[in-house]
Each structure stands twice: as structure tokens, then as C-alpha cells.
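These notes concern the structure reproduced below.
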Amino acid sequence: MERFTGQFTQQEPIPEEAVAAALRVLQSGRLHRYNTLGEEVAETALLEEEFAAYTGAAYCLAVASGGYALATALRAVGVTPGDPVLTNAFTLAPVPGSIAAVGARPVFVEVTQDLVIDLDDLAAKLDRAKVLMLSHMRGHICDMDRLMALCDAAGVTVVEDCAHTMGAHWGDVPSGRHGAVGCYSTQTYKHINSGEGGLMVTDDPEVAARSILLSGSYMLYDRHRAAPGPEAFDGLRLRTPNISGRMDNLRAAILRPQLARLPEQARRWNALYHVVAGGLQGVPGIYLPRRPQAERYVASSIQFLLPGWEPGAVRAVVDGCAARGVELKWFGRPEPHGFTSRYSSWVYAAPEAQPRTDAVLDGLLDMRLPLTFSEDDCAVIARIVGDEVRKAA
Ligand SMILES: *Cc1c(COP(=O)(O)O)cnc(C)c1O
């Protein structure tokens, strides 16, 4: 029987150029973003300038994590304790966590079997909140034109969680550029890797200024380059708390060369994805989420559904694949396991039942596709999964 021996959690090494840049920062000793000499421009400020250009945003701020970016975006658009915030019922724990971090209350919206927010359910719930935290979970992007039309008409501000869509687009618009703020993660398992880290982009000078002050700028905001002018800070500088969460120059130094390589990495991820998706296409019982033409995704992972399957049969697929070296994450697992992604396990948020999402999650399987895999590896993985699904069917 064919077995797979690769590691689903093994990322590529940090590129040489990034290692060299990190060494220069370490040798300088100036790791803090505001520790600059004379006319020196910090790596962090350069990263922000480059990421703003990459996404076409007016402003960018680098922060300590993706979750910090999300919470900062909520604060910056005016969410206050007790406010309801709409968000997808299928997302990762730091998303409702960021809502809880500002004392607000997640209000979950159903997702479809294509793993995007259910726009009909959203339309029905838009009168319940002023802000939507939209999570492009696992890189699936909903019809952004329709979503923005709905939210604009209802006066709902959109904050985008782009932890899985850095480098992706809806049509010609980079992911993160439809809403008021786009938030990204540079954590090891995302599209560029600094261990931990986050980025946020916006065109709104007040949101940008407030975010910079919130991140802990010690009135040194004039050292930012992807920031609004001093006038944007005038009314805010003494009224905005410092909720420290800056990025440092070491992380920024290793991210800049990775950002330059992102388009090429995206092509490589999609090539791996197409091998696995091609192998699973047509296996009886498997549903592959549809991906509309306008969705220009970066498939650093793949999902498929076994809709309507009994839990025992899904478990048999998971166990059968695991025995052959293929790690599947099952979102329908009754008890949270590893990275929890089932809304019902976020008890602090007192979640209302989302029956359509439950039906989706019950049969949802997920797999990372690290770039340390080859296309041949992906063909082996697809054969093993296909085999085990046929066996359990
Ligand atoms: C990783 C992740 C985040 C948060 O990023 P961190 O940098 O780990 O804080 C937010 N949303 C989703 C969907 C994620 O997967």
C-alpha cells in the first residue's frame, strides 16, 4: 500500500537574502523600529512602504501578529465594548478572539459549502451590527462585489481577515482592499513567514493614524513612511491609548525579501493545489468547493467535503489517511483538536446555532500544502485520499 512520508508542517527555509538582512539588523543592535540613526530608515518602515505599494493601499502598519492587527482594526474603526460584530461561523479562533479582545461580541454568520460567508444569511443579519469582520478562511473569497454592495447599503463597515489570502485577488482587486481595513498575518503557517507578525492596510487616514497610535508609536509616527501626514494625528495623539504591539526590524528584515517572492510562491502553491484537486475530482462522495473565475486564490491548503457522511465514516477516512502518512484536519470532530475552528467551541461568545454551517463542518476535511512538497508528493497524497474515501464510502 502506498504511503506518504512528507511533513505537513514543514515550511521552506528562510531565503538566504532574508537571513543576510536579519544578520545586518542583529549586528546593528537596532531591533526596535524607532531605534534609527540619523537619516536611517527602519526595516519596519520599509516593509510597510513596500506592502502598501504591493496592495495599492495608501497606508500600511506592521504589527506583532495577525490577531493584533484584527483587534487594532476593530478599535480603529470605532468598535467599543459590548458592540456586536458580525463574523463567519467558519474561521480560526483568533478571529472571534480579536472581537472578544476589544470587549465586543461575535455574531456568527452561516457559511456555504463553498466555504465562504453565506450572503443571504449575512443580508438577514446586517441590521444586527455596524461592523463585519469578514474572514477569508482557508483562502476562499466570497462574491466581494455583492458583499460590499450589501454592506455599503446597510452602512456596515467591513474589516477583512486576510490571514489566508495574502497575494490573492477578487477580480483585479487585491484581497484586503474592498473593506475599510485589510489585516494579514506573517505567522509561520501563512504566506510569508516571520514566526509571528501582522500587517494592516487602509486608505482611511484617520483609521491609519489611530492604528499607528494604538500600536505604540510614542509620538514617533513621523518615522513611518506608509502613514498619513502629521495633521491626521493632531486630534488623536492624546486621546488614543498605547496598546503596545509593534513589529520589530528583525522580522521586517526577513519579510521584505519574502514579499518580493510572493507572486512566484503563489504560482507554486497553486500548482500543488491543482495536482491534489485534479486527483480528488470525480472521486465519488467528494465535493470540492467551487472557485469562481473572479477568485484568484493562493491555495496554500486544500479543503474537500464528504457531505452527509456519518461521523464514523469520516473518521475512517481520517484514520485511514493518517495511517498512510496523510494528515487531514477534520472540522467536524466533536471535541476541539489542535487549532480549533468550530464556532460552537467558542463558548465565551455564547454562539447561536448555525445549522447550515454545522452540516458543512461535519463533513469538512482540510490539508496544508507546504511548499516543501513536490507535485509528485501531491499526486501520492491525492491517490491515498481517493483510495481511503472509496474504501469508507
Ligand atoms: C492565523 C490566523 C489569524 C491570526 O494570525 P496570528 O498571526 O496567528 O495572530 C487570523 N485569522 C485566520 C483565519 C488565521 O488562520
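Counting convention: from 1, in listed order, for ligands and their atoms alike. Position 1 is the first residue of the sequence; numbering continues from there.
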Worksheet item: Can Arg105 and Asp83 be counted as an ion pair, charged N to O under 4.0 angstrom?
Response: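 Result for this pair is no, no salt bridge flagged.
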Discussion item. Holding to salt bridge (charged side-chain N to carboxylate O under 4.0 Å, His left out), I want the full list of residues that pass it with Arg267, two or more places apart in sequence or in another chain.
Written reply: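 Glu264.
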Item to complete: Under the salt bridge (charged side-chain N to carboxylate O under 4.0 Å, His left out) rule, collect the residues that match up with Glu196, sequence neighbours excluded.
Response: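 For Glu196, no residue satisfies salt bridge (charged side-chain N to carboxylate O under 4.0 Å, His left out) once neighbours in sequence are set aside.
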Worksheet item: Quick one: does Asp377's side chain have a donor or acceptor within less than 3.5 Å of a partner on Ser374's backbone?
Response: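 Yes, the answer is positive, given that a donor and an acceptor are paired below the 3.5 Å cut-off.
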Worksheet item: Would you say the side chains of Arg24 and Gln27 form a donor-acceptor pair under 3.5 Å?
Response: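 Looking only at side-chain atoms, Gln27 and Arg24 do not form any donor-acceptor pair under 3.5 Å.
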Could you list the donor-acceptor pairs under 3.5 angstrom formed by side chains in residues 252-260, with sequence neighbours left out?
unit_1 : atom_1 : unit_2 : atom_2 : d
Arg256 : NE     : Glu50  : OE1    : 3.0
Arg256 : NE     : Glu50  : OE2    : 3.1
Arg256 : NH1    : Glu43  : OE1    : 2.8
Arg256 : NH2    : Glu50  : OE2    : 2.6
Gln258 : OE1    : Asn193 : N      : 2.8
Gln258 : NE2    : Asn193 : O      : 2.9
Gln258 : NE2    : Ile254 : O      : 2.8

With the criterion set at N/O pairs under 3.5 Å, what does the list of contacts between the protein and ligand 1 look like, atom names and distances included?
unit_1   : atom_1 : unit_2 : atom_2 : d
ligand 1 : 5 (O)  : Ser185 : OG     : 3.4
ligand 1 : 7 (O)  : Gly66  : N      : 2.8
ligand 1 : 7 (O)  : Ser185 : OG     : 2.7
ligand 1 : 8 (O)  : Gln187 : NE2    : 2.8
ligand 1 : 9 (O)  : Gly66  : N      : 3.4
ligand 1 : 9 (O)  : Gly67  : N      : 2.8
ligand 1 : 11 (N) : Asp161 : OD1    : 3.2
ligand 1 : 11 (N) : Asp161 : OD2    : 2.9
ligand 1 : 15 (O) : His164 : NE2    : 2.6
ligand 1 : 15 (O) : Lys190 : NZ     : 3.0

